[in-house]
Amino acid sequence: STNFTVLALFAVFLLAFFFTVPHDWLATPLGRTVLELESTVLADLLADVFGFEMLQVGHWGEAARLSESARTQHHWWVAPDAHGKGAVRAHYDSLPFASSSIEAVLLPHTLEIAPNPHELLREVERVLHGEGHLVICGFNPLGPWGLRHMLGRRPFPPPVDRLLAEGRIRDWLRLLGFEVVVARRYLFAPPWARRVTGNSSGWLERRGPDLLAPLAGAYVVKALKASFGLPEEKVRVIQAVTGGGFGGKEEYPNVICAHA
């Protein structure tokens, strides 16, 4: 068992050192697999997000496609090179939105790319209203994907500059007054695979979170911003009861009122 582990680590080192990483990595079979898995995971986590404004910060895949499952009236995405429908060009540490004006924010590996991840999180906290949703995707630095990132000649996967452990993300969120409500592990394909089936319902992806969670290639956390910095059990959201089917009849305020 020990010999097998040593050989496996040595193999990862060789692959990380000698393999050339394509510039457009997300267009490779492995990159497309990552996007497919994340689309599936995020479709579930964003299904209960509704209201007016959904904001994706960061360019990961095709525009704001990863946040499409949020049931909000508007979908925006911000990046220095943003273009197309719903695009807003801006620096990550200076989001051009009013304070407490956004229902939900998605950061798909953006903290691993942004020059100042702490400043980005502070900006996200500013634009989110009380009880707003924050969803963060990140690569796990403690598994095989993290090992390849550490040993490779170039950052892997590009354009990621750094990998941040889930525990560190939780610490940052707690300091800013967020409460993590969901955390999941995914991406159990090896980081050197040339061809991957891309079947997100495969056995390894279904059983991996239970059997091999520490070895997952990536994680996602979903957090809520506390109203007035108070714990969830001391906050009661007030919303008028209105009729009509979903799609525009409901009354949903820009700023949620709460009794503390």
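Not counting sequence neighbours, the partners of E123 by the side-chain contact (heavy atoms from CB on, under 4.5 Å) test are L95, R126. When the side chain to side chain donor-acceptor pair (under 3.5 Å) test is applied to E62, the partners found at least two apart in sequence or on another chain are R65. Considering only residues two or more places apart in sequence or on other chains, R32 meets the side chain to side chain donor-acceptor pair (under 3.5 Å) condition with none of them. The side chain to side chain donor-acceptor pair (under 3.5 Å) search around R170 returns E166, not counting sequence neighbours. For the salt bridge (charged side-chain N to carboxylate O under 4.0 Å, His left out) test, residues two or more places apart in sequence or in another chain that qualify with R174 are D171. Listed by chain and residue number, D93 satisfy the side-chain contact (heavy atoms from CB on, under 4.5 Å) test with H91 (two or more places apart in sequence, or in another chain). In this structure, H133 has no ring-ring contact (aromatic ring centres under 6.0 Å, His included) partners at least two apart in sequence or on a different chain. For P209, the side-chain contact (heavy atoms from CB on, under 4.5 Å) test picks out F188, with sequence neighbours left out.
Here the closest heavy-atom approach between residue R162 and residue H149 is recorded as CA-NE2, 4.1 Å. In terms of heavy-atom proximity, P191 sits nearest to L30 at O-CD2, 3.5 Å. Between R185 and N140, the shortest heavy-atom distance links the atoms NH1-ND2, 3.6 Å. Smallest separation of non-hydrogen atoms from D161 and I113: OD2-O, 3.5 Å. Taking every heavy atom of both residues into account, S101 and E53 meet most closely at O-CG, 3.6 Å. Between A114 and Y92 the shortest heavy-atom distance is CB-CD1, 3.6 Å.
For the atom pair CG (L42) and OG (S69), the distance works out to 6.5 Å, reported to the nearest 0.5 Å. L215 CG to L187 CG: the interatomic distance, rounded to the nearest 0.5 Å, is 11.5 Å. For the atom pair CG of L121 and CG of N116, the computed distance is 11.5 Å after rounding to the nearest 0.5 Å. Atom NE2 in H74 sits 10.5 Å away from atom CD1 in I102 (nearest 0.5 Å). One finds the CG atom of L106 at 10.5 Å from the NE2 atom of H75 (value rounded to the nearest 0.5 Å).
Counted by atom type alone, Q56 and W76 present zero donor-acceptor pairs between their side chains at under 3.5 Å.
Residues P108 and E38 fail the side-chain proximity criterion, which asks for heavy atoms closer than 4.5 Å. At a threshold of 4.5 Å between non-hydrogen side-chain atoms, the residues L134 and V124 count as touching. Annotation: side chain of F156 is not in contact with side chain of L163 (no heavy-atom distance under 4.5 Å). Side-chain contact between L142 and P214 is absent, with no heavy atoms from C-beta onward closer than 4.5 Å. Side-chain atoms of L66 and S39, non-hydrogen and from C-beta on, do get closer than 4.5 Å to each other. Counting heavy atoms from C-beta outward, I136 and V220 have side chains that stay 4.5 Å or more apart. You'll find the side chain of F52 reaches within 4.5 Å of the side chain of E103, heavy atoms only. By the 4.5 Å heavy-atom criterion applied to side chains, V135 and V221 are not counted as neighbours.
Placement of L175 and V127 in two distinct hydrophobic clusters is found when ILVMFWY residues are connected by side-chain heavy-atom separations under 4.5 Å, directly or transitively. Under a hydrophobic clustering in which Ile, Leu, Val, Met, Phe, Trp and Tyr are joined whenever their side-chain heavy atoms come within less than 4.5 Å, directly or via other members, V181 and Y186 fall into the same cluster.
Just one residue in the list E131, E179, E125 forms a salt bridge (charged side-chain N to carboxylate O under 4.0 Å, His left out) with K225, and that residue is E125.
Heavy atoms from other residues, nucleotides or ligands lying under 6.0 Å from CZ of R168 number 12 at most.
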(message) Using side-chain contact (heavy atoms from CB on, under 4.5 Å), reason through Y219 and L164 one step at a time and then give a plain yes or no.
(response) CA-CA 10 Å; Y219 61 86; L164 301 170; 4.2 Å; yes
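Counting only residues at least two apart or on different chains, the ring-ring contact (aromatic ring centres under 6.0 Å, His included) pairs with a member in residues 159-179 are H118-W172.
When ring centroids are compared, H109 and F139 come within the 6.0 Å threshold.
Using a distance-only test at 3.5 Å, with no hydrogens or angles considered, a donor-acceptor pair links the side chain of T40 to the main chain of E36.
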Between side-chain atoms of residues 44-51 and protein atoms elsewhere (two or more places apart, or another chain), which donor-acceptor pairs fall under 3.5 Å?
unit_1, atom_1, unit_2, atom_2, d
D44, OD2, R184, NH1, 2.7
D44, OD2, R184, NH2, 2.5
D48, OD1, K222, NZ, 2.6
D48, OD2, K222, NZ, 3.1

Could you pull out all donor-acceptor pairs under 3.5 Å where a side-chain atom in residues 77-90 meets a protein atom, sequence neighbours excluded?
unit_1, atom_1, unit_2, atom_2, d
D81, OD2, H59, ND1, 3.3
H83, ND1, D81, O, 3.2
R89, NE, A82, O, 2.7

